[in-house]
Number of protein chains: 2
Amino acid sequence: MVDVVRRNTDYALRLMVNLARYHGNGPVSTRAAAKEEGVPYQLACKLMQKLHKSKLVKSRMGPKGGFSLGRDPSQISLREVVETIQGPISINRCLLAADACKRQHDCGARTKLAELQHYVRDFLDRITLDELLHNGREKE
Amino acid sequence: MVDVVRRNTDYALRLMVNLARYHGNGPVSTRAAAKEEGVPYQLACKLMQKLHKSKLVKSRMGPKGGFSLGRDPSQISLREVVETIQGPISINRCLLAADACKRQHDCGARTKLAELQHYVRDFLDRITLDELLHNGREKE
DNA sequence: CATATATAAGACTTACAAAGTCTTATATAT
DNA sequence: ATATATAAGACTTTGTAAGTCTTATATATG
């Protein structure tokens with residue numbers, strides 16, 4: 001079995017939604033976010049580093065420091081987070097490079113799978129952090 | 001990077017399309033199909049065994065033996081082949097069991113990802129082996 | 001009936017990548 | 001000065017996909 005969204009990506013998503021929840025109230029420490037979201041602390045550190053490199057979060061060092069979202073939660077898509085952590089979303093490896101497969105010329109699957117890949121990417125593009133946040137806390 | 005369709009699944013798909021190509025002309029030996037589709041022979045054997053267990057192909061032992069499709073190519077979907085080889089298609093492991101995640105009650109991602117998973121499965125349900133075959137050989 | 005050709009089954013090994021841990025360095029609020 | 005936080009990356013563990021090997025069994029055909 002293969003998950004399109006891996007465990008670490010799931011963790012990163014939770015952390016990002018956590019930051020979204022406290023957006024505007026100053027930085028959130030990794031320790032706090034990790035604890036609240038049930039993510040192993042050391043892993044959370046590494047994930048935050050990746051998210052920082054891709055500018056999805058800003059950091060402030062020192063006490064009272066932590067991470068905060070780089071943009072408004074309505075401007076960060078699920079796909080950005082996913083691809084930051086686990087790389088480009090792929091249906092089949094033959095779709096990641098134009099010349100990845102020499103059989104592609106008489107391959108009936110390629111076109112179909114490319115179509116699906118496009119749909120999936122687009123779907124995740126259209127979901128934003130604030131949607132996830134409001135969706136989840138709707139009932140309260 | 002994660003491929004929704006793994007390498008072995010890709011191999012199995014090629015083998016199945018090969019059988020579809022010769023459908024009605026008696027069994028195809030694994031050796032022949034593997035060679036024609038560029039699949040390592042021993043791997044092809046294991047894949048054919050899985051396909052046989054799930055009734056997607058019929059086998060005939062002995063010389064002049066080999067495998068043939070269990071049903072007409074128009075009645076075998078891409079999803080059946082994929083799930084026979086690599087198990088259920090999953091967007092996130094939290095979607096595979098009703099109680100896989102205790103956070104699901106206030107999780108905004110779950111609904112969206114379930115929707116996507118449903119779309120992907122349905123998409124692959126609607127593609128059949130004979131479509132793949134005709135798509136690929138259209139130009140000839 | 002002997003033999004060559006095919007599948008059947010599963011143990012075993014290898015290779016790779018994800019997940020998780022540990023260590024050291026650096027910045028800053030108080 | 002010190003405690004608290006991030007920064008960075010080496011390292012270990014674990015899981016699983018991919019690939020190989022071995023032995024058994026069925027059957028067409030001379």
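Throughout, protein chains are lettered first and strands after them, A, B, ... in sequence-line order, and every chain is numbered starting at 1.
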Sugar-phosphate only, base, or nothing, as touched by A/Tyr41 at under 4.0 Å among non-hydrogen atoms: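 Counting heavy atoms under 4.0 Å across all strands, the contact made by A/Tyr41 includes a base.
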
Sugar-phosphate only, base, or nothing, as touched by B/Arg31 at under 4.0 Å among non-hydrogen atoms: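 Answer is nothing: B/Arg31 stays at 4.0 Å or more from every strand.
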
Output field: ring centroids A/Tyr119/B/Tyr119 closer than 6.0 Å: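 That pair passes the under 6.0 Å test.
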
Base C/dG20 paired with A/Lys46 side chain (donor-acceptor, <3.5 Å):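 Looking at the base of C/dG20, it does pair with a donor or acceptor on the side chain of A/Lys46 (distance under 3.5 Å).
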
How many Å lie between [atom1] on [X] and [atom2] on [N], as a whole number?
X: A/Leu19; N: D/dA5; atom1: CG; atom2: P; result: 15 Å
X: A/Asn8; N: C/dT21; atom1: CG; atom2: P; result: 11 Å
X: A/Lys50; N: D/dT6; atom1: NZ; atom2: P; result: 18 Å

Comparing A/Arg60 and A/Gln42 on DNA chain C - which has the more 5′ nearest nucleotide: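 Upstream on the strand: A/Gln42.
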
For D/dT13, the Watson-Crick or wobble partner whose two distances fall under 3.5 Å: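 Across all strands, the one nucleotide that pairs with D/dT13 is C/dA18.
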
For C/dA9, the Watson-Crick or wobble partner whose two distances fall under 3.5 Å: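 The answer is D/dT22, by the H-bond criterion.
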
Side chain of [X] (C-beta onward), nearest among [options]:
X: B/Thr30; options: D/dT20, C/dA29, C/dT7; result: C/dT7
X: A/Met61; options: C/dA27, C/dA29, C/dA19; result: C/dA27
X: B/Ser29; options: C/dT7, D/dG9, D/dT6; result: C/dT7

Earlier contact from the 5' end, DNA chain D, for A/Lys53 and A/Gly65: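 By nearest-heavy-atom nucleotide position, the 5'-most residue is A/Gly65.
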
Of A/Met48 and A/Pro63, the one whose closest DNA chain D nucleotide lies more 5':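 Closer to the 5' end of DNA chain D: A/Pro63.
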
Do [Y] and [X] meet the salt-bridge criterion of a basic N to acidic O distance under 4.0 Å?
X: B/Arg103; Y: A/Glu37; result: yes
X: A/Glu131; Y: A/Arg126; result: no
X: A/Arg110; Y: A/Glu115; result: no

